[in-house]
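Accompanying notes for the structure given below.
This chain uses plain numbering: 1 for the first residue, then up along the sequence.
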Amino acid sequence: MLSLLRQPVVSQATGMARPTLYEAMAEGLFPRPIKCGPKFAAWPEHEVRAVIAARIQGKSKDEIRTLVSELTEARKNCA
């Protein structure tokens, strides 16, 4: 089952405040949310968990960017 997480939950899970979360997205270190409506965006839970796991494993910024790119690309193959 696919779970979507809203920003407050993602911030709590990652320990990143909203501005820091969006800065990480701009740097390619965190996936962008999926737009689900005009005022509704959320992140797939498995993507959030994957990035958290990579950070715990001590992956470099370049490795995390690669992971984020792969996660984002995989979204295209879900349709």
Side-chain angles (χ1 to χ4, degrees):
M1 180 167 100
L2 179 65
S3 295
L4 295 174
L5 305 176
R6 299 293 302 267
Q7 182 271 318
V9 175
V10 173
S11 287
Q12 182 178 16
T14 61
M16 290 190 271
R18 182 186 168 140
T20 306
L21 182 64
Y22 280 81
E23 183 178 307
M25 286 187 285
E27 293 176 14
L29 297 172
F30 204 82
R32 295 195 176 274
I34 296 170
K35 280 295 256 184
C36 302
K39 294 184 178 184
F40 177 66
W43 287 262
E45 182 178 10
H46 74 278
E47 292 182 6
V48 174
R49 289 181 181 270
V51 173
I52 292 170
R55 293 175 136 206
I56 290 170
Q57 294 168 4
K59 302 284 185 178
S60 70
K61 286 185 176 185
D62 286 338
E63 290 172 315
I64 294 174
R65 279 188 191 96
T66 299
L67 171 63
V68 169
S69 178
E70 290 169 354
L71 291 169
T72 303
E73 189 63 31
R75 288 180 184 178
K76 297 175 185 177
N77 299 324
C78 289

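Residues passing the side-chain contact (heavy atoms from CB on, under 4.5 Å) test with A53, sequence neighbours excluded: Q57. Applying the side chain to side chain donor-acceptor pair (under 3.5 Å) rule to R32 yields no partners; only residues at least two apart in sequence or on another chain are considered. Annotation: side-chain contact (heavy atoms from CB on, under 4.5 Å) contacts of R49 (sequence neighbours excluded): E45. Listed by chain and residue number, L2, L4, I34, H46, E47, R75 satisfy the side-chain contact (heavy atoms from CB on, under 4.5 Å) test with P44 (two or more places apart in sequence, or in another chain).
For residues 52-63, the set of pairs meeting the salt bridge (Lys or Arg N to Asp or Glu O under 4.0 Å) definition, not counting sequence neighbours, comprises D62-R65. Residue pairs meeting the side chain to side chain donor-acceptor pair (under 3.5 Å) criterion with at least one member in residues 9-30, sequence neighbours excluded, are Q7-S11.
Nearest heavy atom pair, residue K35 against residue A41, reads CD-CB, 4.1 Å. Residue L67 comes nearest to A50 through the heavy atom pair CD2-O, 3.6 Å, listed as atom of the first residue, atom of the second, then distance.
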Discussion item. Working note: V51 + W43, criterion side chain to side chain contact (heavy atoms under 4.5 Å, CB included); need CA distance, chi angles, decisive distance, verdict.
Written reply: CA-CA 12 Å; V51 173; W43 287 262; over 6 Å; no
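Rounding to the nearest 0.5 Å gives a distance of 6.5 Å between CZ of F30 and CD1 of I52.
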